[in-house]
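Take a look at the structure below.
Naming convention: chains lettered A, B, ... in sequence-line order (proteins, then strands); numbering from 1 in each chain.
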Protein chains: 2
Amino acid sequence: MTAEAEARGRILAVARRLFFAHGFGRVTMDEIASELAMSKKTLYRHFASKEDLCEAVIDAAFTAIDAELAAALDDVRLGFEDKLDRFMRIVAAGYEEARGPLLTDLHRDAPSLWARVDAWRSKVVHTRTRALFAAGKRAGVFRPDVPEDLVVRLVIGNAQNILRPDVLAALGLSFPEAFAHCKAVLLDGVRARPCNGGRGAAH
Amino acid sequence: MTAEAEARGRILAVARRLFFAHGFGRVTMDEIASELAMSKKTLYRHFASKEDLCEAVIDAAFTAIDAELAAALDDVRLGFEDKLDRFMRIVAAGYEEARGPLLTDLHRDAPSLWARVDAWRSKVVHTRTRALFAAGKRAGVFRPDVPEDLVVRLVIGNAQNILRPDVLAALGLSFPEAFAHCKAVLLDGVRARPCNGGRGAAH
DNA sequence: AACTCAGGAAACTTTATCGGTTTCCTCGGT
DNA sequence: ACCGAGGAAACCGATAAAGTTTCCTGAGTT
């Protein structure tokens, strides 16, 4: 790896963290440069503009998510429930990419970048998760009366909204505990089962 | 009602819509005054500052939501499922209050207002929804192994993320259809039931 | 008619912000 | 010594917006 590629990689990592946490307009190039202990001049030698930097961040992030989801989907050793498990984990880990301040900001400040994220989301996260549920339906594992697209949004929304450090802290749950609960409710709902022995234990 | 109270009410209504849709920092007093066909001078005669206006908006909004949730919770003619139904509808209608650009903005630009919203959310939405689930658990209607606080977040998150005009349009579903699906998944999950005739119909 | 007050439109004041550019300087390599 | 990379920070230009004030009009009252 060349020095330039290494520097570029560091820039992307810092920019990714800041943009996804705080949005596009709220993160200054001064701030990014400062955190990298780098002058703005150098930063601009790697990326021609703030938008160029953000675009590179978006592309890198979603390319990685796509690879992870594809690997899970194609893993023949996994059943549907395990695949769902993997999907939720991937989405929870990448939650900041699919929601949050960056999208809100881009919608206003850089519409073309917003469109880019939206396209990636649609192409990667929704499409692969939908494929999982469609296959599960055909295999008779998932109920046939609920549209896949809606379930996709439930999966993604629940993973994002709950499997986050701040929410886990508020709930007083560990990640594995919360994860198990989310999955249980997603698979079997909140209705009590009078004949279901597997759920008798008091929480 | 006096002319002042009437004007004040109009201001609150417009400010509420704009703040909740676009956030605090992105909505200017010029914009609010313009939409009201009012001069900024007059606007400032009713509210001393932008923050004062936003604070009044927040308080009015959550007071209304609280009243609605309390009415649903205390309605002895409703069973748990109907109460859940009502809660989801109230939350979906008020989704912009509980999430969205306003919160993100306030966290940064007006921390004391952010804390105010957070306190209201905790006090009103979470507390009443949690009471519903706790009662449902005691009555044996809801499963005992999932913490109420987590379910509360699932209910609220699902209502907010899906029961919105843009998402409904993308899904090609009407509000009643999407609502029914969300409720079905929340109550009974996505797992197929081999012996459940009530779900045999293809979507 | 003259005066007063309310209130709209818009100019004004003040302050702050930030993307992108340039200057000054130091250090390492040749 | 010279050159180039790069950090710190000043600079430039443009923009934005909260809050204040001016100019003007219309309605009501005396």
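For the 3.5 Å distance criterion, the side chains of B/D66 and B/W120 fail to qualify, holding no donor opposite an acceptor. Donor-acceptor pairing under 3.5 Å is lacking for the side chains of A/E31 and A/S34.
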Using atom names, set out every protein N or O paired with an N or O of nucleotides 25-30 of chain C below 3.5 Å, distance rounded to 0.1 Å.
none

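Listed by chain and number, the residues in a side chain to side chain contact (heavy atoms under 4.5 Å, CB included) with A/A71 amount to none (sequence neighbours excluded). The side chain to side chain contact (heavy atoms under 4.5 Å, CB included) search around B/Y44 returns B/M29, B/K40, not counting sequence neighbours.
A cation-pi geometry, defined here as NZ or CZ lying under 6.0 Å from the six-membered ring centre and within 45° of its normal, holds between A/R89 and A/F179.
Between the CD atom of A/E51 and the C1' atom of C/dC18 there is a distance of 14 Å, rounded to whole Å.
The closest donor-acceptor contact from the side chain of B/R26 to the backbone of B/A21 lies at 3.5 Å or more, if one exists at all. Panel note: side chain A/K137, backbone A/V146; a donor-acceptor pair is recorded below 3.5 Å.
Every pair passing ring pair (Phe, Tyr, Trp, His ring centres under 6.0 Å) that includes a residue from residues 137-158 of chain B is listed here, sequence neighbours excluded: B/F133-B/F142.
Listed in residue order, the members of residues 36-48 of chain B having a heavy atom less than 4.0 Å from DNA chain D are B/K40, B/K41, B/Y44.
In the 5' to 3' direction, nucleotides of DNA chain D lying under 4.0 Å from heavy atoms of chain A begin and end at D/dG6 to D/dA8.
The minimum heavy-atom distance linking B/V152 with B/T129 is given by the pair CG2-C, 3.8 Å.
Ion pairing of A/D75 with A/K83 is absent here, as no side-chain N (NZ or NE/NH1/NH2) approaches a carboxylate O to less than 4.0 Å.
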